[in-house]
Amino acid sequence: MSEQKPGNRPRTDRPGTSRRAFLRGGSTLAVGALAGAATVPAHAAQPDPAITEIQEWNQYLGDGVDAFPYGAPSSFEKHVIRRNVPWLTADATASVNFTPLHELDGIITPNGLCFERHHAGIALVDPAQHRLMINGLVETPLVFTMADLQRFPRENHVYFLECAANTGMEWRGAQLNGCQFTHGMVHNVMYTGVPLRTLLQEAGVKTSGKWLLAEGADASAMTRSIPMEKALDDCLVAFKMNGEALRPEQGYPVRLVVPGWEGNMWVKWLRRLEVGDQPWHHREETSKYTDLLESGKARRFTWTMDVKSVITNPSPQAPITTGPGPTVLTGLAWSGLGTVTRVDVSVDGGRNWRPARLDGPSLSKSLHRFYYDFNWDGSELLLQSRAMDEFGNVQPTKEALRQARGENSIYHNNGIQTWYVQENGVTENVEVS
Ligand code: MTE
Ligand code: CO
């Protein structure tokens with residue numbers, strides 16, 4: 001590609017793939033963009049109708065306290081919604097939608113914006129009729145009502161849930177133009193629930209009990225095998241998210257929380273826990289939730305979600321619209337093993353790295369918020385972020401992932417994401433190679 005010059009536009013669609021590659025050879029990108037943050041220039045005072053005219057909301061009484069018994073966001077925020085990609089799945093009941101990460105800040109995902117993934121639609125469960133049964137290799141099989149569950153001591157924890165298929169479309173190259181679609185199968189809420197350990201102890205797990213089958217009450221009656229060690233460690237039987245009842249789409253009235261592990265194990269509308277001495281064979285486990293390697297062999301039992309990060313702003317759905325000058329770059333980082341201790345940001349496609357600023361609570365197996373405040377000189381940028389967790393695990397490049405696992409994978413793509421920012425601020429999903 002000798003005709004490639006510094007600052008080339010990303011090329012679309014390599015023959016045979018839909019990868020949009022961005023060649024880095026000889027790039028002199030954006031070194032000047034690294035100057036420290038400047039003070040934000042205040043607008044010089046000029047006649048401005050926003051100040052000189054009396055606005056409508058300044059003249060009339062607003063709605064009363066009885067107008068919105070259950071509040072909703074401002075009508076000016078209508079665009080901040082979950083979105084799906086219709087061509088990804090055949091129908092909307094066995095489908096997924098995505099969290100609008102580029103519209104959010106901090107670490108908590110509002111309940112109405114948590115991405116949804118279900119195999120048979122949203123079950124509408126009457127909590128008064130709902131039961132949770134524990135059976136199998138236990139001393140005393142038990143059945144709990146929701147009222148029973150509320151009588152056990154409960155705990156509050158913030159955890160991310162990431163679908164194993166998050167970023168899966170990006171294995172073979174840059175595909176979807178927005179972090180909502182590339183990384184939006186993740187949400188992070190505070191759960192209130194009873195430790196699973198407490199309920200298992202109540203039933204008395206026999207020494208031969210090594211596995212747990214968790215079953216949902218939806219039409220797919222989804223089941224998952226969970227090793228007893230994890231069940232007794234930090235799993236929760238949760239009935240609240242962000243302080244209120246679980247949303248129907250998140251498993252109302254009760255779901256399993258499996259911190260740091262792939263989303264498909266977090267069984268929603270949880271109705272049964274069966275203790276067994278070996279893992280069950282799930283239809284989906286061999287066909288779906290298994291990583292197919294180049295060799296044709298599969299990785300099985302890859303439960304932990306690896307250290308990962310993404311820049312949420314700027315990103316394709318959130319271009320820079322304010323021109324050169326002080327710019328807030330922000331994003332999210334997480335690890336299924338613990339806390340994130342460091343995030344580095346590159347503005348030149350991974351040649352130079354600078355530490356980002358982590359802000360807000362740093363909780364284990366939770367999203368972390370990072371910022372990189374810089375003075376944009378208006379030149380093209382190739383933005384990347386790279387997270388490291390408390391055990392020293394570092395987020396890999398997509399190339400390194402492909403070398404390790406080939407191109408056939410869908411699951412567990414925690415590779416470094418690149419956004420290409422043009423001089424006009426327009427931002428695209430690309431890959432550097
Ligand atoms: N539980 C039941 N009962 N049915 C489902 O279809 N989907 C699983 C898991 N639990 C599913 C389920 C998958 S694949 C994921 S990624 C998470 O739920 C998604 O949780 P969310 O919808 O709260 O985002
Ligand atoms: Co999933």
Side-chain angles (χ1 to χ4, degrees), residues 68-73 78 80-86 88-100 108-135 142-152 154 159 161-163 165 184-194 196 199 213-224 226 235-258 262-274 282-284 288-289:
F68 305 105
Y70 192 103
K78 273 203 194 79
V80 183
I81 51 171
R82 300 185 278 223
R83 291 176 195 276
N84 63 342
V85 178
L88 271 185
T89 51
D91 69 274
T93 51
S95 193
V96 61
N97 61 25
F98 302 90
T99 308
I108 295 293
T109 316
N111 287 344
L113 296 177
C114 287
F115 89 92
E116 305 165 53
R117 169 84 180 98
H118 18 80
H119 295 85
I122 302 167
L124 186 60
V125 177
D126 175 355
Q129 304 305 321
H130 189 70
R131 301 290 182 269
L132 172 60
M133 177 162 86
I134 300 185
N135 68 341
L142 295 174
V143 174
F144 303 96
T145 63
M146 288 308 296
D148 294 334
L149 289 178
Q150 315 253 357
R151 300 179 74 176
F152 289 95
R154 55 187 94 130
Y159 293 123
L161 182 167
E162 184 182 16
C163 180
M185 286 162 85
V186 66
H187 54 61
N188 199 61
V189 305
M190 176 174 283
Y191 294 98
T192 308
V194 178
L196 177 53
L199 302 180
L213 179 85
E215 183 183 77
D218 51 330
S220 78
M222 208 193 75
T223 54
R224 281 289 167 265
I226 295 163
C235 293
L236 290 177
V237 172
F239 34 81
K240 294 254 156 74
M241 60 194 285
N242 291 334
E244 65 177 359
L246 292 178
R247 293 288 169 91
E249 54 271 40
Q250 261 71 49
Y252 179 87
V254 63
R255 90 174 301 167
L256 198 59
V257 169
V258 190
E262 55 186 33
N264 68 78
M265 304 177 91
W266 299 49
V267 174
K268 303 193 274 192
W269 312 288
L270 181 68
R271 74 161 173 211
R272 196 164 69 89
L273 294 162
E274 183 179 337
H282 305 296
R283 213 170 356 113
E284 296 91 343
K288 290 187 190 157
Y289 290 102

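Note that the structure is predicted; figures quoted are calculated from it, not measured.
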Between [X] and [Y], is any pair of side-chain heavy atoms under 4.5 Å apart?
X      : Y      : result
Leu88  : Ser95  : no
Val237 : Phe152 : no
Val267 : Met222 : yes
Val96  : Cys163 : no
Val254 : Phe144 : no
Leu273 : Leu196 : yes
Asp148 : Leu142 : no
Phe98  : Val85  : yes

**Prompt:** Under the salt bridge (Lys or Arg N to Asp or Glu O under 4.0 Å) test, which residues partner Arg131, sequence neighbours left out?
**Reply:**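 None.
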| said: List the residues meeting salt bridge (Lys or Arg N to Asp or Glu O under 4.0 Å) with Glu215, not counting sequence neighbours, and say none if there are none. | reply: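 Salt bridge (Lys or Arg N to Asp or Glu O under 4.0 Å) list for Glu215, sorted by chain: Arg271, Arg272.
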Working to the nearest 0.5 Å, report the span between [atom1] of [X] and [atom2] of [Y].
X      : Y      : atom1 : atom2 : value
Arg83  : Leu113 : CZ    : CG    : 11.0 Å
Asp218 : Leu270 : CG    : CG    : 10.5 Å
Met133 : Glu274 : CE    : CD    : 7.5 Å
Thr99  : Ile81  : OG1   : CD1   : 12.5 Å
Thr145 : Gln129 : OG1   : CD    : 11.0 Å
Trp269 : His130 : CH2   : NE2   : 11.0 Å

Might you point out which heavy atoms bring [X] and [Y] nearest each other, and give the distance in Å?
X      : Y      : answer
Val189 : Cys114 : CG1-SG, 3.7 Å
Leu161 : Gly263 : CD2-CA, 3.7 Å
Tyr159 : Val257 : CD1-CG1, 3.7 Å
Arg117 : Ala94  : NH1-C, 4.1 Å

Can you list the residues that meet the side-chain contact (heavy atoms from CB on, under 4.5 Å) rule with [X], with sequence neighbours excluded?
X      : value
Ile108 : Val158, Asn242
Leu246 : Met241, Tyr252, Arg255
Pro73  : Glu77
Tyr70  : Glu244, Arg247

Once side-chain hydrogen bond (donor to acceptor under 3.5 Å, both in side chains) is applied, do any residues pair with [X], and if so which ones, sequence neighbours excluded?
X      : answer
Asn84  : none
His187 : none
Asp91  : Thr93
Glu116 : Arg82, Asn97, His118

Task: Leu199/Leu149 under side-chain contact (heavy atoms from CB on, under 4.5 Å): CA gap, chis, key distance, verdict - done: CA-CA 9 Å; Leu199 302 180; Leu149 289 178; 3.8 Å; yes
Sorted by chain and residue number, the ring-ring contact (aromatic ring centres under 6.0 Å, His included) partners of Phe239 (sequence neighbours excluded) come out as none
Which residues share a ring-ring contact (aromatic ring centres under 6.0 Å, His included) with Trp266, sequence neighbours left out: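 Checked Trp266 against ring-ring contact (aromatic ring centres under 6.0 Å, His included); matches are Tyr191.
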Query - Under 3.5 Å: donor-acceptor pair, side chain of Lys268, backbone of Gly216 - result: no
